[in-house]
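Indexing begins at 1, ligand by ligand and atom by atom, following the structure's order.
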Amino acid sequence: MSENLIIFDARVVTPMGFAARKGAEMGELLVMDHATIEVTDGVITYVGPNRGENRDGYYQHYWHYNARGRCVLPGFVDSHTHFVFGGERADEFSWRLKGESYMSIMERGGGIVSTVKATRASNFIRLRAKAEGFLKQMNAMGVTTVEGKSGYGLDKETELMQLRIMRSLNGDEHRRVDIVPTFLGAHAVPQEYAGRTDDYIDFLIREVMPCVAEAGLAEFCDVFCEQGVFSIEQSRRLLLAARGMGFNLKLHADEIVPLGGAGLAAELSATSADHLLHASDADIRAMAEKGVVATLLPLTAFALKEPYARGRAMIDAGCAVALATDLNPGSCFSGSIPLTFALACIYMQMSIEEAITALTLNGAAALNRAGSIGSIEVGKKGDLVVLNTDNYHFLPYYIGMNCVIATIKEGVIYPS
Ligand code: NIG
Ligand code: FE
């Protein structure tokens, strides 16, 4: 569903452009007071000074919204989540509180594999209903586009089911959030393939990925490139095959140990490399040169009590940095946009302006959508958020609390 909408007296706060903003450009926002935003059939057709909302009766076929000086930003783009899954892992969370590590839980058969069991045991309707609940919560925090990964099936049937759930939610006429699907069959090695990681990769390449590609069920292929999961060589083999089938590439890179996943992302010119807690200086420079979006997930570092990714160093090296939540039942059971803003600004030395670019235009670039979303400009989708204040500094300052009062999806207003 799309609408005609005229917003007047807005304080527009937006990055500008139709591609990722890199390095120092990330801090450059347009701030325009007393602005009008015109959305026609869901697409932005005017942004500029107020023109009087009833000019020649032209706007009689538009919904009217008076922003009364409040901030209006582009809709937030959460470019890394795992929001379709069965079960929960609250027990593991309590073990981690007692000192056990994320990887040691995974090594003894918990972690991702335990969510795989719960997801396989569930069904389309139940998984869809649960995923839809997350989408509603995300939307209330201003998210208008979300990436979602498979990776809790690790068999053909359940991987395809996760992707079909995303397709069905995306096709919902009343959807508030667009979904970009990613195939993450290489999230862990399932028990049937224990000790046979290369055979599992062969299975994905020969039997699963061709079906996903043929049905157009995923735009991206991702891999958990990590010590004890998928090595650099195995990740490279999988991603090269994926590229040959038409997928764009993403990596979970250098999350737990410095393995060199960020360097592999640069070598393959992946769209993004994600996590990057332990990315080396040389690999950061390589990502900047190749235009790989560095997607940082501060909620995961927070939840795992790990050091934060070096957002400041990456921006200073000329990278395009995106921020995302990583919502998943294990390492980070949170899709909180407000807390993501706060952690990025307080602990990763990102400026408020850079964090806004990272959650809008650069998030869009991490999904190959910088041409159609991520900024308030003519020709882009009318995906917007309205804050309860004229001061956009509230985004990180109002810590973990929601200052979004309305989310607008292609010109349709949804109060938070
Ligand atoms: O991004 N690291 C791998 N994948 C997720 C965690 C998934 C899970 O624990 O269920 C992540 O942290
Ligand atoms: Fe993840």
Side-chain angles (χ1 to χ4, degrees), residues 78-93 95-96 100-120 122 127 130-131 134 146-154 158-159 162 180-190 218 220-231 235 238 249-257 259 261-262 265 270-279 293-309 322-335 340 363 366-367:
D78 190 348
S79 63
H80 180 139
T81 83
H82 310 245
F83 76 96
V84 182
F85 61 85
E88 40 81 11
R89 295 188 351 234
D91 285 350
E92 279 182 21
F93 179 75
W95 301 336
R96 280 196 279 117
E100 204 173 340
S101 78
Y102 177 77
M103 285 312 270
S104 79
I105 293 169
M106 186 164 172
E107 276 152 21
R108 63 184 178 84
I112 293 168
V113 167
S114 104
T115 298
V116 169
K117 275 191 207 125
T119 306
R120 287 180 182 177
S122 189
L127 291 170
K130 183 166 167 158
F134 289 125
V146 69
E147 183 255 21
K149 301 177 195 292
S150 70
Y152 290 124
L154 311 186
T158 320
E159 287 290 312
Q162 280 191 275
V180 180
T182 293
F183 175 68
L184 180 57
H187 196 194
V189 179
F220 289 90
C221 181
D222 193 348
V223 55
F224 188 14
C225 177
E226 188 62 52
Q227 191 174 67
V229 194
F230 297 99
S231 68
S235 301
L238 180 103
L249 308 183
K250 288 183 171 290
L251 288 89
H252 281 66
D254 301 314
E255 177 179 356
I256 315 281
V257 301
L259 200 66
T271 306
S272 75
D274 301 29
H275 284 290
L276 303 171
L277 272 54
H278 302 280
V293 177
T295 301
L296 309 183
L297 311 163
L299 292 170
T300 311
F302 174 71
L304 295 179
K305 292 203 268 187
E306 293 287 335
Y308 292 90
L323 287 163
T325 66
D326 198 21
L327 170 66
N328 73 73
S331 64
C332 176
F333 196 24
S334 173
T340 300
L367 301 178

Which residues pass the ring pair (Phe, Tyr, Trp, His ring centres under 6.0 Å) test with Tyr102, not counting sequence neighbours?
none

Lys250 side chain to Leu367 backbone, donor-acceptor under 3.5 Å:
no

Do other residues, nucleotides or ligands put more than 12 heavy atoms under 6.0 Å from the CD atom of Gln227?
no

Is there a donor-acceptor contact under 3.5 Å from the side chain of Glu92 to the main chain of Gly111?
yes

Taking all non-hydrogen atoms of both residues, which atom of Val116 and which atom of Gly151 are closest, and how far apart?
CG2-O, 4.2 Å

Among all residues two or more places apart in sequence or in another chain, which pass the side chain to side chain contact (heavy atoms under 4.5 Å, CB included) test with Pro181?
Leu163, Met166, Glu219

Do you know how many protein N, O or S atoms are within a distance smaller than 2.8 Å of the Fe ion (ligand 2)?
4

Leu297 and Glu255, any side-chain heavy atoms less than 4.5 Å apart:
no

Between Thr182, Thr81, Asp222, which is the residue that forms a side-chain hydrogen bond (donor to acceptor under 3.5 Å, both in side chains) with Lys149?
Asp222

Close residues, ligand 1: non-hydrogen atom nearer than 4.0 Å
His80, His82, Arg89, Tyr102, Ile112, Tyr152, His187, Phe224, His252, Glu255, His275, Asp326, Asn328, Gly330, Ser331

Answer yes or no: is there a donor N or O on one side and an acceptor on the other, between the side chain of Ser150 and the main chain of Leu184, under 3.5 Å?
yes

